[in-house]
Q: 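There's a structure below that I have some questions on.
We count ligands from 1, going down the list as the structure has it; atoms in each ligand are counted the same way. What you see is a predicted model; the values in this text were computed from it and never measured. Values reported hereafter were calculated over all heavy atoms of this structure, with side chains retained and with hydrogens, waters and symmetry mates removed.
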Amino acid sequence: MLDQHAIDTLRQHTVPAQKLFIDGDWRAGNGGTLDVISPIDGNVLTTIERATAQDMEGAIASARQAFDDGRWSRMAPAGRKKVLHRLADLIEREALALSVLGVRDNGTEINMAFKAEAGSAASTFRYYAEAIDKVFGEIAPTADDILALVHKEPVGVVGAIVPWNFPLMIGSWKIAPALAAGNSMVLKPAETASLSLLRLAELASEAGLPDGVLNVVTGKGSVVGEVLGLSMDVDVLAFTGSGPTGRRLLEYSARSNLKRCYLELGGKSPNIVFADAPDLDRAAKVSASGIFRNSGQVCVAGSRLLVQRDIHDDFVAALAKNAEGFSVGDPLDLASDIGAVNSLVQLEGNIGFVETAQKEGAERVTGGSRILEETGGYYMEPTVLTGVKSGDTIAQKEVFGPVLAVITFDTEEEAVAIANDSDFGLAGAVWTADLSRAHRMIRKVKTGVIHVNTYGGADGTVPLGGVKQSGNGHDKSLHALDKYVDLKTAWIQL
Ligand code: NAD
């Protein structure tokens, strides 16, 4: 149970101007600073360095040197495990402070941040710490006079570029397996959510991670992100963010050293409710949370609701009631269910999507507006739009905000066709009491994740990633380790 007094004390702390974390130390950049605007009240919270190409090249050189001299890459896995466990301990020790810092930076409601950011980061580091001395190579079943060994080697320098919605959680999904496997890293956080990741790097150093193994460079994606993408010294790019940036990373790779790019991109996930769903009240409640938590800024958010015609009106009414029941407000107030939208740009984009949907014929059932403007912060009502057609902008484009598009269907075949009428394929859900239908839908809906009779369940043991234009390569689970190792075959004539 979180303590409001402790949160209020932490939110008063002045956040000092931030530096770059390179080679185990804080360094000033060469490009001036960027203001960090808190979405809670629109005030300047602190500044981060606006790193230059030269700063980023310095960080990459530091990671390269650390990898090549073996200070971490050749440490016994059991040694790496100890450091990563110590880091998990430190994250737990600092969990509330890290969470409050992150919330002041990105606006996520504190209960969720505590669990999904600090809590998830600690458990992710523990998971890969535990795994790394249990995952090893193979001896292939070759002819008797041959010994064929399949080694798993760290790839070298991993560049990680992450977004602002859950920086600590998504950052840890990349950092923990990459470090566990023995790589060095350069991390580029989003401009509007750098603070908790800078602190994480400092904690990693305190935990005993050798200097230069984890470097954090803040600044403009279009400047330092590009340098990271084009570098001949970066061997893998691990990215979560938007489709257009993902495409750029593939171009950078093609123009440089053909580095592997793992892209976790957006979604427009279909949440499909059949009339025979076991508990429609629960389905309405979970569906509302599945789109509106964290103001809809969740990559797997169920942003397209497909409802069977017979139950459409009752289900939409129940869902709208749930939406109106959420308390939107100060994300550091434990009584709030939903915090702030990350930035003014994002908020204005959300409102623009609602206006476009209405012009294209959708009806606004609830929400649609900015609220609490007097606070200076960026808050938006949970919004439900009905009468949406599958080809409409609101059904095709990712809003990444608290906006739900409701589409009606009659038959199972039609539900499948609408669900798959999307460039994206990240997540989805089906609600039905018919076991055979549930399994048919699991097979037919083209997404990386599908839920049945729930929305949004997840665990570190199961992979998360998309198909189609939602990207490739999965975070989480033992499968994620494969992204950060190379296979090397040794063929020995006996
Ligand atoms: P974004 O693509 O604008 O930015 C993501 C990161 O890329 C930031 O660190 C940014 O600085 C950097 N970047 C921007 N331009 C760059 C460039 N030219 N070269 C290199 N790096 C560059 O995305 P965003 O707005 O920060 O994040 C929201 C998006 O992330 C949404 O589309 C959302 O669906 C997606 N997302 C996906 C997942 C997933 O697991 N699939 C999870 C969370 C968010």
Side-chain angles (χ1 to χ4, degrees), residues 34 48 50-51 53 56 105-108 116-117 120 159-174 186-194 197-198 216-231 234 237-253 255-256 259 261-269 291 293-303 341-343 345-347 349-350 353 397-401 422-428 447-449 456 458 462-476 480:
L34 292 171
I48 53 172
R50 183 191 190 123
M56 178 53 99
D105 200 4
N106 84 338
T108 296
E117 285 276 89
S120 154
I161 303 178
V162 296
W164 41 258
N165 55 338
F166 292 103
L168 210 49
M169 175 175 81
I170 295 172
S172 301
W173 289 347
K174 323 268 187 221
V186 179
L187 175 73
K188 156 70 185 82
E191 291 84 328
T192 55
S194 297
L197 285 167
L198 287 163
V216 183
V217 178
T218 57
K220 289 294 203 184
S222 52
V223 178
V224 284
E226 179 173 295
V227 175
L228 193 61
L230 285 170
S231 172
V234 172
L237 280 178
F239 174 72
T240 296
S242 65
T245 307
R247 280 172 202 275
R248 278 198 194 96
L249 299 189
L250 292 173
E251 285 174 22
Y252 299 154
S253 168
R255 284 164 51 200
S256 56
K259 56 181 71 63
C261 297
Y262 296 109
L263 309 176
E264 297 284 348
L265 309 175
K268 193 77 200 179
S269 298
I291 170 65
R293 65 202 166 117
N294 201 23
S295 301
Q297 302 166 141
V298 177
C299 55
V300 296
S303 51
V341 171
N342 179 253
S343 65
V345 172
Q346 192 67 24
L347 176 66
N350 296 345
F353 271 111
K397 298 280 180 208
E398 182 182 47
V399 178
F400 219 56
S422 174
D423 290 339
F424 296 110
L426 186 54
T447 57
V449 178
V462 291
L464 171 69
V467 296
K468 296 161 78 177
Q469 291 182 36
S470 289
N472 63 76
H474 293 75
D475 283 322
K476 304 167 53 181

Q: Supply the atom-to-atom distance Phe353 CZ to Ser303 OG, rounded to the nearest 0.5 angstrom.
A: 10.5 Å
Q: Tell me if the centroids of the rings in Phe400 and Trp164 come within less than 6.0 Å of each other.
A: yes
Q: Please walk me through it: do Arg50 and Thr218 pass side chain to side chain contact (heavy atoms under 4.5 Å, CB included)?
A: CA-CA 6 Å; Arg50 183 191 190 123; Thr218 57; over 6 Å; no
Q: Around ligand 1, what residues show up once you keep those with a heavy atom under 4.0 Å from it?
A: Ile161, Val162, Pro163, Trp164, Asn165, Ile170, Lys188, Pro189, Ala190, Glu191, Gly221, Ser222, Gly225, Glu226, Phe239, Thr240, Gly241, Ser242, Thr245, Arg248, Leu249, Tyr252, Glu264, Leu265, Gly266, Cys299, Glu398, Phe400, Leu426
Q: About how many Å separate CD of Gln346 and OG1 of Thr192, when rounded to the nearest 0.5 Å?
A: 8.5 Å
Q: Under a 4.0 Å N-O cut-off, is there an ion pair linking Asp475 with Lys174?
A: yes
Q: Please enumerate all residues that pass side chain to side chain contact (heavy atoms under 4.5 Å, CB included) together with Leu265, with sequence neighbours excluded.
A: Phe239, Leu263
